[in-house]
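The next block holds one structure in the form of structure tokens; read it before the comments.
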Amino acid sequence: MMESPKQIVKQTDYQGEVKADWCPGCGNFAQLTAVKMALADLGIEPHNVVVVSGIGCSSNFPEFIRAYGFHGLHGRSLPVASAIKWVNPKLTVLAYGGDGDGFFEGTQHFYHTAKRNVDITYMVSDNQIFGLTTGQASPTSELGMVTKTTPEGNIEPPVNPLLLALSAGATFVARAFSGDPKHIADITKKAIEHRGFSFIDVFSPCVTFNKLNTYDYFRKRVYKYEPEDPEDFAVAYKRASEWGDRIPIGIFYQKSEPTYADRDPVLSKVNLRESPYYKLKEQDLEEFL
Amino acid sequence: MMESPKQIVKQTDYQGEVKADWCPGCGNFAQLTAVKMALADLGIEPHNVVVVSGIGCSSNFPEFIRAYGFHGLHGRSLPVASAIKWVNPKLTVLAYGGDGDGFFEGTQHFYHTAKRNVDITYMVSDNQIFGLTTGQASPTSELGMVTKTTPEGNIEPPVNPLLLALSAGATFVARAFSGDPKHIADITKKAIEHRGFSFIDVFSPCVTFNKLNTYDYFRKRVYKYEPEDPEDFAVAYKRASEWGDRIPIGIFYQKSEPTYADRDPVLSKVNLRESPYYKLKEQDLEEFL
Amino acid sequence: MNDREVVIRVSGAAGDGVQSAGQIIAKSFSRKGMNVVTYNYYQDIVRGGTSWYQIRASSDPVRSQGDGLDIVIALNKDGVQRHTNPDIDEGGASPLSKEGIVIFDKSIQGYEEHGQRYVPMPLSDIAMKYSNNALMRNTVAIGAAMASINLDFETLAGVIGDQFGSKGKIADLNVNAAKEGYDYFKKNQEPLKKNLSFGTKPKYLVGGGDAIGLGFVSGGMKFYAGYPMTPASSALMYFANHASKFDIVLKIPEDEISAINMAIGANYAGVRSATGSSGGGFSLMVEAVGLAGMLEVPLVIYEAQRPGPSTGLPTKTEQGDLNLVLGAGQGDFPRIVLAPRNVKECFELGREAMNLAARYQTPVFVMVDLYLSEHYETVDSFDLDFKIDEGKIAGDNQENFRRYEDTEDGISPRAFPGQPGLMHNEDSDEHNEFGQVVSDAVTDPRERVKAMNKRMRKMETYRKNMPPTYTYKFSDAEYAVVQWGSTAGVVEEAVDILRNKGIRVGAIEVTHVFPLNHDIGDLVRGKKKIIVVENNYGGQFDRLLRSELLVRTEPVRKYDGESFYPGQLAEEIEVVIRGGK
Amino acid sequence: MNDREVVIRVSGAAGDGVQSAGQIIAKSFSRKGMNVVTYNYYQDIVRGGTSWYQIRASSDPVRSQGDGLDIVIALNKDGVQRHTNPDIDEGGASPLSKEGIVIFDKSIQGYEEHGQRYVPMPLSDIAMKYSNNALMRNTVAIGAAMASINLDFETLAGVIGDQFGSKGKIADLNVNAAKEGYDYFKKNQEPLKKNLSFGTKPKYLVGGGDAIGLGFVSGGMKFYAGYPMTPASSALMYFANHASKFDIVLKIPEDEISAINMAIGANYAGVRSATGSSGGGFSLMVEAVGLAGMLEVPLVIYEAQRPGPSTGLPTKTEQGDLNLVLGAGQGDFPRIVLAPRNVKECFELGREAMNLAARYQTPVFVMVDLYLSEHYETVDSFDLDFKIDEGKIAGDNQENFRRYEDTEDGISPRAFPGQPGLMHNEDSDEHNEFGQVVSDAVTDPRERVKAMNKRMRKMETYRKNMPPTYTYKFSDAEYAVVQWGSTAGVVEEAVDILRNKGIRVGAIEVTHVFPLNHDIGDLVRGKKKIIVVENNYGGQFDRLLRSELLVRTEPVRKYDGESFYPGQLAEEIEVVIRGGK
Ligand SMILES: Cc1ncc(C[n+]2csc(CCOP(=O)(O)OP(=O)(O)O)c2C)c(N)n1
Ligand SMILES: Cc1ncc(C[n+]2csc(CCOP(=O)(O)OP(=O)(O)O)c2C)c(N)n1
Ligand code: SF4
Ligand code: SF4
Ligand SMILES: [Mg+2]
Ligand SMILES: [Mg+2]
């Protein structure tokens with residue numbers, strides 16, 4: 001839970017200078033709106049927000065929101081986001097990126113950041129394709145899918161990002177769909193409020209390169225799901241494995257665990273951004289005598 | 001299952017020129033013996049075996065066995081091993097390395113290689129420490145463990161390698177203990193015979209730097225486990241999560257699935273090592289006219 | 001205006017089909033036996049922005065996108081204004097010539113005029129007759145453009161038919177739309193005053209990436225592992241589309257680190273393989289380059305440059321990765337760097353790289369840039385004969401096999417898993433002739449020195465076998481222009497311009513970038529000035545040259561993301577020659 | 001034999017406690033106010049093999065491990081033979097001098113003698129009195145060695161006490177064992193003919209890695225992210241052991257890529273941070289170096305070299321990563337490379353690097369090698385006063401804040417998350433002054449040029465503020481020896497040797513390696529020969545020097561994994577001067 005009293009923050013306070021230049025109809029617009037809604041609703045001021053991204057269409061996100069932005073390297077948003085949060089816990093840190101970014105190039109960071117329970121929110125724009133590089137198969141492309149790089153059909157079994165997050169030990173695991181920005185916003189609010197690593201996989205249609213997993217495709221399949229006991233790992237795991245005609249969206253799992261910073265002897269008590277520089281003293285050299 | 005008729009191969013055929021220079025008592029000796037036993041028992045000839053490793057004490061393994069060896073980079077054994085198997089499916093390919101190698105630096109390859117179901121065997125010498133670099137915390141070091149790098153106790157929750165393999169989609173998941181080389185050998189035989197990605201996590205005491213997870217520690221805890229239905233994922237997942245006073249070892253999960261090469265239009269029909277070079281013809285240029 | 005050639009530019013936003021329109025035009029010319037070079041100016045955005053595609057087609061040989069512009073097809077108002085304005089700055093591209101025409105939809109209005117011929121047309125109206133959206137207006141405009149230079153409609157119709165071939169009816173609709181555009185222009189406008197002579201034998205129109213693909217396959221490559229990254233992806237796409245046909249394998253793994261390690265694994269197992277990326281992705285391969293060097297595993301690396309630092313300008317061109325490639329991997333080990341000058345050479349050096357890697361058992365780089373890998377050129381013919389050189393390979397069953405035998409030429413016999421009686425270990429730790437590690441118990445400083453000397457000796461062997469360096473109009477040159485890789489064509493055209501002005505300048509064209517051929521030292525000796533042309537800020541090649549030759553050089557550099565243009569380059573060279581700047 | 005100094009070597013297998021024995025000896029000398037340099041010769045193996053640890057202690061200043069050897073403590077037979085044999089080749093290390101002594105257990109027999117004094121002793125017998133294994137024999141031998149040079153036993157007892165201090169009784173047992181060894185020697189042997197003068201003020205005995213750690217902390221570092229790798233780990237260990245004390249954080253993440261991105265994230269958020277590795281691990285950081293360059297985020301990178309290629313010789317020394325560091329990251333961007341010459345300078349340049357990074361907002365490398373990072377030197381005092389330079393930082397709440405303002409010195413104001421009214425985006429794509437991307441819709445070649453010029457201008461500003469290059473005995477030198485980093489001490493001692501022979505040679509010592517200070521050009525002008533000394537095969541620094549200065553240089557290189565030794569080096573320099581080779 002946030003400790004500071006809520007400010008009156010308007011969604012328009014998050015309006016960026018640069019107009020989002022995604023293709024008209026791109027799923028990312030929904031997430032942009034949803035994130036702004038959530039942040040405003042939570043009364044978090046733009047200067048206390050950092051959005052960190054990788055490389056991909058989705059990763060252009062920080063350019064389009066009025067906050068602190070860090071548009072880094074393909075696959076590398078999470079280490080950057082983790083460190084920012086550690087050194088200044090007052091900040092609200094959101095990592096955002098694509099499925100290629102997060103589940104190919106960045107798999108390793110995804111797994112370990114989740115395991116560490118770093119107190120950040122990670123939202124993936126999962127369009128099951130490489131968008132920015134114009135339509136190659138991605139780690140979540142379905143088996144058999146024809147893409148630029150798989151003219152005879154994709155042969156890599158797709159990653160199930162929720163299962164990966166769960167088995168890594170993520171303490172907040174959710175899924176949403178760009179067709180319903182309000183729902184994304186609701187989940188995002190809870191994710192930000194959650195103390196620990198929150199993961200939201202968003203089905204985000206790429207209207208230009210993915211002609212299979214369209215808005216229609218998902219509208220026909222997704223339904224909202226709410227677990228009776230969000231701490232029941234086995235149920236979460238089973239539900240997250242569901243795929244096919246019916247695909248659940250919602251918060252699958254949530255549990256309170258110490259964060260990485262809670263367990264660190266220094267981070268748990270010091271805000272490094274605000275702490276004084278350590279001044280070496282003669283005594284510090286005594287060990288060398 | 002191997003198709004070729006079994007040769008008479010002796011364990012000594014695998015005796016390397018270089019004597020293993022691990023510390024006396026090191027767990028790796030057991031795995032070296034077990035692998036030789038398994039290969040000899042299966043009648044596989046040394047020249048058809050490739051052992052690929054990363055960097056770490058464990059990764060020195062290929063130097064000590066008479067076979068083809070590839071001692072590469074920290075964390076990178078699996079991409080190398082995958083490609084070797086793909087281009088020459090006649091070979092028996094074994095990847096071997098440490099917990100740091102496989103579950104830190106190489107996590108991403110581990111996950112994706114398992115997901116692809118590449119037909120190789122991956123054995124990890126899991127000593128819950130960085131051995132070669134003389135005793136830093138590893139990804140499987142227990143919470144609170146004091147090591148060189150964690151003088152106040154380890155704060156990273158340990159990786160559970162079996163869960164990671166299972167959620168990635170590995171089709172053969174096992175665990176063994178250096179205290180019982182014969183058991184390792186039995187599992188290794190089945191792993192090699194398994195068509196698909198086989199993973200064996202071996203508790204392999206580092207007698208020099210890990211004073212916590214010793215032979216004694218494991219002798220008190222491990223017990224042999226055999227699932228009724230090795231294809232039951234949920235049971236496997238649950239059993240693999242067991243930890244504490246009683247720790248199961250054995251084959252947790254095994255299932256037959258198409259391998260990556262089975263699904264690839266070219267690899268499924270061509271041995272690239274033996275196929276002729278493609279000779280470009282004038283017709284191949286017609287598309288440019 | 002050169003009346004033996006025509007330069008056409010299609011301009012619009014991303015998503016407007018600019019590139020495919022440009023390619024239809026280019027192919028129409030190549031089928032008519034003309035020489036074609038294309039240029040692609042686009043942004044890192046899928047929809048919107050400003051992009052254009054230029055086609056230079058000539059009855060004479062052409063070596064760059066050239067100066068001059070005869071026809072603009074503008075798909076929006078920005079295009080009309082941008083390309084007709086003489087103060088244009090698109091990184092050196094020419095504005096529309098005085099006699100040129102600009103074709104656009106008649107709904108576009110309120111643009112500033114600059115004296116050229118403005119041709120508003122009912123592009124959308126015609127398009128809407130054949131399609132339910134206006135995208136087909138490109139096709140209509142192409143028809144008009146082809147009419148303006150009297151290219152026969154049948155050729156264009158053939159190309160359009162092939163382009164939309166798979167879609168049957170769509171092809172017909174497009175052909176008809178183009179015909180209406182063609183006829184409209186004929187009826188309402190005068191043709192351009194051109195004197196183009198069309199040939200009869202169609203030429204190949206090939207992209208740099210395709211040529212790399214063809215070259216690697218021709219050189220025996222069977223396995224390519226790469227992760228998509230502009231501008232290395234054009235070659236990757238070639239493999240994707242031809243894997244089953246050639247029985248080769250393209251693997252796109254989780255990341256570049258995996259890709260290069262896979263390529264090394266395949267090569268180790270005896271299958272020719274390669275990997276590739278652009279600077280950012282290649283950065284992740286740096287560690288494994290040294291692995292290949294140490295294990296002496298052949299490895300071809302395709303490095304396609306784009307402007308950095310970091311993500312930089314992903315759809316622009318630059319020659320800024322040479323330092324990266326030369327520095328890749330800790331320690332010293334042999335490496336070879338090749339840089340093709342044009343599309344045809346992408347093919348030739350691509351396959352040569354495969355042989356060099358096998359012969360010298362070390363990393364061999366083929367460096368291009370976005371300009372070369374994404375542009376198209378006509379090629380008259382490809383020599384498809386090629387002798388695969390397997391390098392030194394051991395015969396089965398040898399006692400005490402020495403994988404790293406300390407030979408005179410530094411090259412030792414390879415052995416592949418599956419070969420009986422040659423079992424050995426290849427090790428990233430320093431090792432002796434048998435492959436046994438000398439960094440542990442048996443350490444010996446002398447063994448280390450021996451191993452280093454053996455590996456590095458391969459470079460001496462290679463240097464002895466290097467081809468002589470190319471020159472252009474060099475025998476009587478007073479001034480030497482030195483270039484590497486893709487700038488060769490534009491440099492040659494700039495040299496021609498300067499020669500026409502009576503300046504005795506000639507070019508040294510470096511395709512074998514590292515190690516540098518010592519003959520360059522002889523070539524530059526006595527020249528009044530040595531001018532090094534590079535498409536980057538820092539003069540990365542210049543630094544290499546200076547450290548080898550110890551001579552003063554004068555830089556001509558461009559780092560705005562675009563290629564050099566011949567006229568612009570000639571001017572800059574002249575300034576240097578005249579002592580200015 | 002220099003009677004003002006003593007050189008002791010402890011030799012045994014890995015696991016025999018060679019290193020800790022060596023450190024007890026070294027500390028005994030530093031407490032007596034002597035000048036000490038140590039040298040560590042070991043293998044990449046945890047048990048077994050051959051390793052040794054050398055301590056040179058002098059009443060006069062010392063700058064390297066030196067030539068000469070007075071006392072060998074041999075823990076096995078190999079040690080007895082290896083170090084007494086005059087034909088020894090341990091990479092340049094001296095064999096035991098004629099007057100020297102070798103101390104070993106009396107059970108060792110059958111060794112060849114070479115004329116020195118052999119001192120078999122009941123080391124194990126004594127040890128077994130105090131312990132149930134023979135490991136304590138080291139302590140006994142140390143006692144004997146200290147007796148041989150008449151060092152008072154109290155000093156030794158103090159050091160042993162501190163070393164085993166936490167273990168109470170163990171400390172006493174060790175002290176007693178040492179005493180028996182001490183007394184045994186006194187009783188049965190003549191002391192060495194030495195004329196050591198012990199001081200009264202103890203000196204600090206500090207390792208290179210410790211000094212880096214101290215320097216970074218003194219420079220304001222609060223966050224270090226790294227993945228263990230020899231020889232960068234000695235600094236990492238310093239942070240591990242002092243994190244809570246200094247309220248700093250050490251994070252060891254899953255890999256080096258994560259480490260460098262974390263360090264960048266922390267710096268971006270306004271907390272001074274650093275990362276580090278050796279060549280192999282640093283290779284994985286290459287992509288992110290360019291990210292820091294592009295975002296203009298300060299970043300200190302500690303690069304500790306060991307011999308490559310690839311895994312190479314993990315426990316040996318080399319200066320082979322300069323090409324890698326200079327080439328790290330595609331494209332051109334500002335970078336600064338510092339190379340401390342000795343332990344004290346690790347401290348000074350370590351903290352200077354922190355300020356430089358903040359001031360120039362770009363990657364700053366501190367390059368050492370295994371030799372420097374893992375050896376120990378005495379230091380008289382550290383200047384603990386230091387002014388943290390925060391660089392340019394924006395005040396809160398600015399309209400249209402320009403994070404990348406195009407200033408005259410190229411340096412723009414930073415702003416940190418949490419500051420009101422300065423929200424902006426830092427982007428790896430090329431961007432304008434506001435941080436807005438210019439690689440998409442708004443692309444403009446001129447914006448690109450402006451952005452490149454602004455960033456690179458920082459290097460011009462830096463060049464103007466560089467300290468002058470260090471020289472040694474240079475004013476009247478006819479021959480210039482140029483070195484960089486850790487070889488300074490040995491080069492100075494070699495210069496002294498040559499000067500004593502009447503050869504007028506002087507040294508140029510480069511600590512600020514990149515960009516090179518132009519004053520070096522003035523320094524070398526007119527010298528008869530420019531001799532570049534490097535601990536690598538390829539002459540990586542030499543290449544940089546030549547490309548900058550365009551002068552002929554003569555190489556003296558060593559790449560057997562060991563450091564230069566002064567006598568050996570002086571000889572090689574002399575050969576070059578006499579025109580030989
Ligand atoms: C290290 C590296 N490798 C490759 C690329 C090229 N690249 C840019 S975006 C991208 C993938 C985009 O897919 P995704 O992450 O799913 O994002 P999307 O565009 O679909 O939102 C790739 C491969 C890169 N920029 N850096
Ligand atoms: C890229 C890279 N990073 C770091 C290292 C240094 N290093 C060598 S072995 C090792 C860890 C060893 O631990 P583990 O993998 O568990 O193997 P073990 O020695 O315990 O068998 C490390 C970090 C390296 N060689 N390469
Ligand atoms: S290409 Fe796809 S993901 Fe990218 S902006 Fe367009 S619709 Fe969105
Ligand atoms: S350090 Fe540990 S893992 Fe390494 S060889 Fe010794 S016992 Fe085995
Ligand atoms: Mg995507
Ligand atoms: Mg380990």
Side-chain angles (χ1 to χ4, degrees), chain B residues 16-19 21 45-52 55 60 62-63 65-88 90-91 93 108-109 111-113 116 264-267 269-270 272-273 275 277-282 284-285 287-289, chain C residues 30-31 202-206 210 214 217-218 220 222-223 225 242-249 251 253-255 257-259 261-266 268-273 287-288 291 295 379 382 384 388 416-429 434-437 440-441:
Chain B
E17 279 284 314
V18 177
K19 213 176 132 268
D21 57 12
E45 291 175 285
H47 70 269
N48 286 322
V49 173
V50 187
V51 186
V52 182
I55 297 292
N60 293 341
E63 298 181 58
I65 187 165
R66 192 169 155 269
Y68 283 91
F70 186 109
H71 185 191
L73 298 173
H74 188 53
R76 314 302 172 192
S77 63
L78 292 176
V80 173
S82 297
I84 293 171
K85 180 69 184 183
W86 287 334
V87 303
N88 189 353
K90 287 187 180 164
L91 302 171
V93 181
Q108 185 147 323
H109 310 310
Y111 179 82
H112 286 281
T113 309
R116 271 174 210 133
D264 185 274
V266 174
L267 292 175
K269 60 179 214 291
V270 182
L272 293 179
R273 171 75 190 121
S275 66
Y277 293 112
Y278 184 80
K279 183 130 185 30
L280 279 183
K281 296 178 286 291
E282 289 292 339
D284 297 325
L285 303 173
E287 62 178 297
F288 301 109
L289 283 177
Chain C
S30 65
R31 288 225 179 139
K203 290 183 198 280
Y204 299 117
L205 183 72
V206 189
D210 297 321
L214 283 166
V217 170
S218 175
K222 295 182 191 170
F223 183 88
H242 297 79
S244 278
K245 189 167 171 200
F246 298 155
D247 273 350
I248 63 171
V249 170
K251 177 63 206 153
E254 57 277 17
D255 58 27
I257 303 179
S258 192
N261 277 283
M262 283 179 177
I264 292 173
Y268 162 86
V271 169
R272 289 192 173 206
S273 57
E287 189 193 13
L291 176 67
L295 265 51
V379 176
F382 288 97
L384 298 182
I388 301 269
F416 305 111
Q419 282 191 275
L422 299 174
M423 286 81 71
H424 67 280
N425 179 38
E426 308 209 351
D427 214 294
S428 67
D429 280 86
F434 300 98
Q436 293 160 348
V437 168
D440 57 13

Under 4.5 Å to a heavy atom of chain C? For B:K281 that would be backbone
Regarding B:R116 and C:E254, does a basic nitrogen lie under 4.0 Å from an acidic carboxylate oxygen? yes
Could I get the full list of ring pair (Phe, Tyr, Trp, His ring centres under 6.0 Å) partners for B:Y277, not counting sequence neighbours? none
C:F434 versus chain B, the contacting section by heavy-atom distance below 4.5 Å: neither
Contact class of C:A288 relative to chain B, heavy atoms under 4.5 angstrom: both
Measuring from atom OH of B:Y278 to atom NZ of C:K245, what distance do you get when rounded to the nearest 0.5 angstrom? 5.5 Å
Does B:K279 use its side chain to pair, donor to acceptor, with the backbone of C:L384 at less than 3.5 Å? yes
Evaluation steps, side-chain hydrogen bond (donor to acceptor under 3.5 Å, both in side chains), between B:E17 and C:H424: CA-CA 10 Å; B:E17 279 284 314; C:H424 67 280; over 6 Å; no
Nearest non-hydrogen partners of C:A269 and B:I84, listed with the distance: CB-CG2, 4.1 Å
Which atoms of C:I388 approach chain B - backbone, side chain, both or neither, heavy atom under 4.5 Å: side chain
Any residue meeting ring pair (Phe, Tyr, Trp, His ring centres under 6.0 Å) with B:H71, in chain and number order, not counting sequence neighbours: none
Please classify the contact of C:Y268 with chain B as side chain, backbone, both or neither, using a heavy-atom distance under 4.5 Å. side chain
Greatest number of heavy atom pairs closer than 4.5 Å to chain C - which of B:H109, B:H112, B:R66: B:H109
Decide, yes or no, whether a salt bridge links B:D264 with C:K251 under the criterion of side-chain N to carboxylate O below 4.0 Å. no
